[in-house]
Amino acid sequence: MPIPESTLAQWSHPRSAKASKQAHLTIREALAAHEWPAETQYEVFLQGSYKNGTNLSRDSDVDVVVRLAHKLHPSVAALTGRDLASDASHKTAYKQWHSFRRHAMKAVRVRFGDDVTSGRKTLKLKKGRLQADADLVVTLSYKEGVGLYLPDERRWIVSYPQQHHRRGVRKERGTNKRFKKTIRMFKVARNELVSRGALTKEDAPSYFVECLLYNAPNELFAPKLAPTYTGVLTWLKGVKLKALQSQSGQVPLFGPGREQWKVEQGRAFATALQGMWDTWN
């Protein structure tokens, strides 16, 4: 039987982010209180589900970006492995980024102590002296986005969180404020599929789900959630996934890159969503 409208409505309901908001402000204060090297220019802004209004838990993790004014050149961002070792521009950019990250780590550790650890991409701040779990992303400027280095993988990665947010705001207006609730509905549906063993979390990360739905035509976001769910599934059956763009509009959503979604994973997600709709109990 189909999933009841009442269940879909529960899945789509907005969640409070009071603690996430307070955590974001506290991190800003910790950064502002730090004694930075002379002439350091940086900005702080939010990214992720809290910023975009698509968070599922009442007080979900908060993603805070701190971006140094120093620019990462596109030719450097494209380099990997051995090519980086001989590139002078990379060495300069890495030195700037590494020093900036080291100072950011000092700034938050003064405030939060051992609750701060270094992760693969971010500085991890645990809930405790902070009001909610948080990720601090330390970056350089890259075109209209951000760039950061992954030392263990010897490569730079870039993203466009502010463009992602701006385009999401426009999509929300274009769908009569149904875009965000639809994202929450499908993210909870994904969680349900993971709990049933039909998918893994790696098959359909939240960021990819949000980008996928951004590509859906505005007319599919109906006043009722059940026709929105089925309309999106019908659209997915006919769409060419490789033609879809990320929500930022800067890179393809699907592809072989490590920051891209695999086509087979996207298809598996759509198939699992359809199966759950058809067999809901």
Side-chain angles (χ1 to χ4, degrees), residues 45 47-49 51-52 54 63 65 67 71-81 83-84 120-122 135 137 139-150 153-172 174-175 179-180 182-184 186-187 189-190 193 199-221 228 231-274:
F45 55 89
Q47 68 174 9
S49 61
K51 171 67 173 179
N52 297 318
T54 59
D63 293 322
V65 178
R67 177 170 61 186
K71 294 185 180 298
L72 175 66
H73 195 275
S75 64
V76 176
L79 297 175
T80 58
D83 293 334
L84 289 169
R120 173 175 169 263
K121 291 183 179 180
T122 68
D135 286 320
V137 192
T139 70
L140 301 182
S141 298
Y142 178 80
K143 296 183 179 179
E144 296 181 353
V146 299
L148 68 147
Y149 189 66
L150 302 182
E153 300 174 27
R154 299 179 66 189
R155 66 188 181 100
W156 292 92
I157 60 173
V158 298
S159 62
Y160 303 85
Q162 292 171 310
Q163 291 85 341
H164 180 102
H165 174 70
R166 287 198 294 267
R167 288 163 68 94
V169 170
R170 291 198 295 269
K171 186 76 170 183
E172 179 77 348
T175 58
F179 178 51
K180 293 180 181 180
T182 300
I183 291 171
R184 291 191 293 267
F186 276 105
K187 284 167 66 172
R190 182 273 319 274
L193 289 166
L199 289 175
T200 68
K201 289 183 179 180
E202 291 72 26
D203 286 329
S206 294
Y207 170 76
F208 291 153
V209 172
E210 188 163 329
C211 290
L212 180 69
L213 293 169
Y214 177 84
N215 284 273
N218 287 358
E219 59 268 21
L220 295 182
F221 296 80
T228 300
V232 168
L233 291 183
T234 299
W235 169 73
L236 282 172
K237 291 176 183 177
V239 74
K240 293 182 179 179
L241 295 182
K242 287 186 177 180
L244 303 184
Q245 291 287 305
S246 64
Q247 187 168 312
S248 69
Q250 300 295 319
V251 294
L253 175 57
F254 290 89
R258 281 178 275 189
E259 277 70 51
Q260 290 177 296
W261 205 359
K262 303 296 184 288
V263 169
E264 56 270 24
Q265 291 176 315
R267 289 298 181 203
F269 179 52
T271 299
L273 288 170
Q274 184 68 64

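- The structure places CZ of Arg184 at 13.0 Å from OG of Ser206, a figure rounded to the nearest 0.5 Å.
- Expressed to the nearest 0.5 Å, how far CG of Leu72 lies from CD1 of Ile157 amounts to 11.0 Å.
- Between atom CD of residue Gln265 and atom CZ of residue Phe208 there is a gap of 8.0 Å, rounded to the nearest 0.5 Å.
- Taking the centre of each ring, His164 and Tyr207 come in below the 6.0 Å mark.
- Residues Lys121 and Leu150 are in side-chain contact: their nearest non-hydrogen atoms beyond the backbone lie under 4.5 Å apart.
- In terms of heavy atoms, Glu210 sits closest to Thr54 at OE1-OG1, 3.1 Å.
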Between Val209 and Phe269, is a side-chain contact (heavy atoms from CB on, under 4.5 Å) present by the stated rule, with each step listed? CA-CA 9 Å; Val209 172; Phe269 179 52; 4.0 Å; yes
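- The nearest pair of heavy atoms linking Leu212 to Trp235 is O-CH2, 3.6 Å.
- Every residue meeting the salt bridge (Lys or Arg N to Asp or Glu O under 4.0 Å) condition with Asp135, not counting sequence neighbours, appears here in chain and number order: Lys124.
- Dense packing is recorded around CD of Glu219, with more than 12 heavy atoms of other residues, nucleotides or ligands lying under 6.0 Å away.
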Please step through side-chain contact (heavy atoms from CB on, under 4.5 Å) for the pair Leu140 and Tyr149, ending with a clear verdict. CA-CA 9 Å; Leu140 301 182; Tyr149 189 66; over 6 Å; no
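- When all heavy atoms of Leu273 and Ala189 are compared, the closest pair comes out as CD2-CB, 3.8 Å.
- At distances below 3.5 Å, at least one donor-acceptor pair connects side-chain atoms of Trp261 with backbone N or O atoms of Asp203.
- Here Arg190 pairs with nothing under the salt bridge (Lys or Arg N to Asp or Glu O under 4.0 Å) rule; sequence neighbours left out.
- Using bins of under 30°, 30° to 60° and over 60° for the plane-to-plane angle, the ring pair Phe179/Phe221 lands in the perpendicular bin.
- Shortest non-hydrogen contact noted between Ser248 and Gln163 is O-CB, 4.0 Å.
- A distance of 10.5 Å separates CG of Leu213 from CG of Leu244, quoted to the nearest 0.5 Å.
- The side-chain heavy atoms of Lys180 and Asn52, taken from C-beta on, include no pair separated by under 4.5 Å.
- Under the side chain to side chain contact (heavy atoms under 4.5 Å, CB included) criterion, Asn218 pairs with Lys171, Thr175, sequence neighbours left out.
- Between Val263 and Lys242, the shortest heavy-atom contact is CG2-CG, 3.8 Å.
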Check step by step if side-chain hydrogen bond (donor to acceptor under 3.5 Å, both in side chains) holds for Gln245 and Arg167. CA-CA 12 Å; Gln245 291 287 305; Arg167 288 163 68 94; over 6 Å; no
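- At distances below 3.5 Å, at least one donor-acceptor pair connects side-chain atoms of Arg67 with backbone N or O atoms of Gly145.
- In this structure, the side chain of Gln274 does not engage the main chain of Leu233 through any donor-acceptor pair within 3.5 Å.
- Residues Pro74 and Lys143 approach most closely at CG-CE, 3.6 Å, considering heavy atoms.
- Ion pairing between Glu153 and Arg155 holds under the 4.0 Å rule for side-chain N and carboxylate O.
- When each of Thr139, Val137, Val146 is tested with Pro161 by the rule side-chain contact (heavy atoms from CB on, under 4.5 Å), just one qualifies, namely Val146.
- Using a 4.5 Å cut-off on side-chain heavy atoms (C-beta onward), Arg267 and Leu241 make contact.
- Although no hydrogens or angles enter the test, the distance criterion places a donor-acceptor pair under 3.5 Å between the side chain of Gln260 and the main chain of Pro252.
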Apply side-chain contact (heavy atoms from CB on, under 4.5 Å) to residues Trp156 and Leu79 and explain how you reach the verdict. CA-CA 7 Å; Trp156 292 92; Leu79 297 175; 5.9 Å; no
Does the pair Tyr142 and His73 meet the rule for a side-chain contact (heavy atoms from CB on, under 4.5 Å), with working shown? CA-CA 7 Å; Tyr142 178 80; His73 195 275; over 6 Å; no
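- Between the CG atom in Leu148 and the OG atom in Ser159 there is a gap of 7.0 Å [rounded to 0.5 Å].
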